[in-house]
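What follows is one structure encoded as structure tokens, with my remarks underneath.
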Amino acid sequence: MNDMPLRVTSNDGTTIAYDRKGSGPAVILVGGGLDDGAENAPLVPALAEHFTVYNYARRGRGASGFTEPYAVEREIEDLDALIAAAGGSAHLFGASSGGALAMETAAAGSAIDMIAVWEVPYAVGDDIRPRFEKYIADTRRAFDAGRDEEVLELFMRVTGASDDDRGAGAMMRSRMSTAAKQTPHWAHSVALAPTLVHDSVFLNRYQLPADRLATVTQPVLVITGGPISSPYMAGLPSDFFDRAADELADLLPHAQRETLEGPDHVVDPQTVGPLLLRFFSSEH
């Protein structure tokens with residue numbers, strides 16, 4: 001769990017945990033799937049010399065609370081509470097599904113100056129829509145039955161290779177082996193598994209909501225790491241993130257599209273950090 005000593009109260013009374021470092025204009029980091037803020041934490045020192053960086057645990061993750069029922073509006077209100085704590089406006093950086101949340105928050109009219117998103121996982125293309133529709137239905141059934149471990153396994157299968165595949169498929173089975181399930185990392189991921197179902201809600205069933213996001217007028221930096229090369233994502237088309245990024249950039253009125261060669265899906269501060277510094281420091 002990422003250590004976050006500060007708290008803010010969202011509109012529905014839910015407590016949101018966050019950390020704050022640096023000085024200057026506010027930048028809020030929005031985490032992606034199965035992240036309690038730890039994956040974005042390495043970006044903090046990369047940005048804190050020029051910005052006040054807020055890294056938080058989204059509701060239902062880490063030290064942040066959760067109040068039923070889940071709704072996209074509650075996650076937007078969480079960000080609004082952080083923006084208020086940051087002085088009334090902020091830049092946003094969203095990683096993976098956190099990028100979709102950042103975009104939804106901007107479309108809702110929140111006080112956001114600039115937005116950068118990294119590899120937002122909209123499932124663009126008829127070749128992968130059936131797989132994601134099945135994943136959404138299967139995870140909802142497992143979630144409703146309280147089978148959080150199954151929710152996690154289904155997520156690993158939709159992003160990795162199927163059990164019938166060789167190579168990467170064997171790796172997936174190894175990651176879900178009995179020994180792997182005894183580790184603290186597995187237990188931590190299972191605890192976060194219900195948030196995967198929440199992600200599918202604000203990700204619009206992994207479909208890019210073009211009409212809604214086209215209303216976003218802020219400057220938006222849309223970033224990917226090029227073709228997928230990670231074995232744990234071998235079940236996705238190699239251009240999975242590029243497809244979504246290209247479509248997103250095309251519909252936004254003030255978008256900048258960048259591709260960084262080589263990074264994994266988890267944000268690399270050495271490559272993404274300098275790009276964010278330039279973007280958030282630029283005049284638009």
- [ ] Looking only at non-hydrogen atoms, find the nearest pair between F143 and V151 and report the distance.
- [x] N-CG2, 3.7 Å
Task: Audit row: L221, R257, side chain to side chain contact (heavy atoms under 4.5 Å, CB included) steps and yes/no - done: CA-CA 6 Å; L221 175 63; R257 178 76 171 90; over 6 Å; no
- [ ] Determine, step by step, whether L248 and V117 satisfy the side chain to side chain contact (heavy atoms under 4.5 Å, CB included) criterion, reporting the C-alpha distance in whole Å, the side-chain angles of both residues, the deciding distance to 0.1 Å, and the verdict.
- [x] CA-CA 10 Å; L248 177 61; V117 297; 4.1 Å; yes
TODO: Give the C-alpha distance, both sets of side-chain angles, the deciding distance and a yes or no for salt bridge (Lys or Arg N to Asp or Glu O under 4.0 Å) between D80 and R74.
DONE: CA-CA 10 Å; D80 284 339; R74 303 296 82 78; over 6 Å; no
Open item on the list: Does D264 form a side chain to side chain donor-acceptor pair (under 3.5 Å) with Y232? I'd like the steps, not just the answer.
Closed with: CA-CA 10 Å; D264 195 353; Y232 71 90; 3.0 Å; yes
Task: Exam field: side chain R131 to backbone G235, donor-acceptor pair closer than 3.5 Å - done: yes
Open item on the list: To the closest 0.5 Å, what do you measure between OG1 (T224) and CZ (R243)?
Closed with: 13.0 Å
- [ ] With the side chain counted from C-beta on, respond yes when V267 and E39 share a heavy-atom pair under 4.5 Å apart, and no when they do not.
- [x] no
- [ ] State, with a plain yes or no, whether a side-chain heavy atom of E75 is found less than 4.5 Å away from one of E104.
- [x] no
TODO: Might you point out which heavy atoms bring A63 and R7 nearest each other, and give the distance in Å?
DONE: CB-NH2, 3.7 Å
Task: Side-chain heavy-atom pair M233, L236 within 4.5 angstrom cut-off - done: yes
Task: I28 CD1 to Y18 OH distance, which is reported to the nearest 0.5 Å - done: 9.5 Å
Open item on the list: Looking at every non-hydrogen atom in both residues, tell me the closest pair between A142 and E150 and how far apart they are.
Closed with: CB-CD, 3.8 Å
TODO: Look only at the side chain of D239 and the backbone of D242, and say whether a donor-acceptor pair between them is shorter than 3.5 Å.
DONE: no
Task: CG-NE2 distance between L276 and H50, expressed to the nearest 0.5 angstrom - done: 12.5 Å
Task: Ring centres under 6.0 angstrom apart (F66, H198) - done: yes
Task: Nearest heavy-atom neighbours spanning G273 and A46 - done: CA-CB, 4.3 Å
- [ ] Calculate, to the nearest 0.5 Å, the distance between atoms CG and CG belonging to D199 and L101 respectively.
- [x] 8.5 Å
Open item on the list: For the backbone of I112 and the side chain of Q218, can you confirm whether one donor and one acceptor N or O come within less than 3.5 Å of each other?
Closed with: yes
Open item on the list: Determine whether a donor-acceptor pair (N or O, by modelled atom type, separation under 3.5 Å) exists between the side chain of S110 and the backbone of A106.
Closed with: no
Open item on the list: With a 4.5 Å cut-off on side-chain heavy atoms, are M4 and D36 touching?
Closed with: no
Open item on the list: For D211, is the CG atom crowded, meaning more than 12 foreign heavy atoms sit under 6.0 Å from it?
Closed with: no
Task: Residue pair G31 / D35: nearest heavy atoms and the distance that separates them - done: CA-OD2, 3.5 Å
TODO: Kindly determine whether R140 and D138 satisfy salt bridge (Lys or Arg N to Asp or Glu O under 4.0 Å), including the steps that lead there.
DONE: CA-CA 5 Å; R140 172 54 69 175; D138 290 346; over 6 Å; no
Open item on the list: I'd like to check R20 versus V53 (side-chain heavy atoms, cut-off strictly below 4.5 Å). Are they in contact?
Closed with: no
Task: Spatial distance of atom CG (L82) from atom CD (E77) [nearest 0.5 Å] - done: 12.5 Å
TODO: Verify whether one side chain among T15 and R59 offers a donor that lies under 3.5 Å from an acceptor in the other.
DONE: no
Open item on the list: Using a 3.5 Å distance criterion without hydrogens, assess whether the side chain of D19 forms a donor-acceptor pair with backbone atoms of Y56.
Closed with: no
Open item on the list: Can a donor-acceptor pair be found, under 3.5 Å and without considering hydrogens, that links the side chain of E119 to the backbone of G225?
Closed with: yes
Task: Non-hydrogen side-chain atoms of S64 and T14 separated by less than 4.5 Å - done: no
Task: Side chains of Y70 and P194 in contact at under 4.5 Å (non-hydrogen atoms) - done: no
TODO: Apply side chain to side chain contact (heavy atoms under 4.5 Å, CB included) to the pair D250 and E247, showing each step before the final yes or no.
DONE: CA-CA 5 Å; D250 285 345; E247 189 163 316; 5.7 Å; no
- [ ] Report yes if the distance between the aromatic ring centroids of H265 and F241 is under 6.0 Å, otherwise no.
- [x] yes
Task: Heavy-atom side-chain contact between I223 and L275 under 4.5 Å - done: yes
TODO: State the CG-CZ distance between N40 and F93, to the nearest 0.5 angstrom.
DONE: 5.5 Å
Open item on the list: For the backbone of I136 and the side chain of T139, can you confirm whether one donor and one acceptor N or O come within less than 3.5 Å of each other?
Closed with: yes
Task: Within the 6.0 Å centroid threshold, strictly below: Y206 and F132 - done: yes
- [ ] Salt-bridge test for D78 and R61: reply yes if a basic N is under 4.0 Å from a carboxylate O, no otherwise.
- [x] no
Open item on the list: Between L152 and L34, does the side chain to side chain contact (heavy atoms under 4.5 Å, CB included) criterion hold? Intermediate values first, please.
Closed with: CA-CA 9 Å; L152 178 59; L34 296 177; 3.7 Å; yes
Task: Minimum heavy-atom distance between N55 and G37, given as atom pair plus value - done: ND2-O, 2.9 Å
Open item on the list: Could you check, using the six-membered ring where one of them is a Trp, whether F51 and F279 have ring centers closer than 6.0 angstrom?
Closed with: no
TODO: Evaluate whether atom CD of E133 has more than 12 neighbouring non-hydrogen atoms of other residues, nucleotides or ligands under 6.0 angstrom away.
DONE: yes
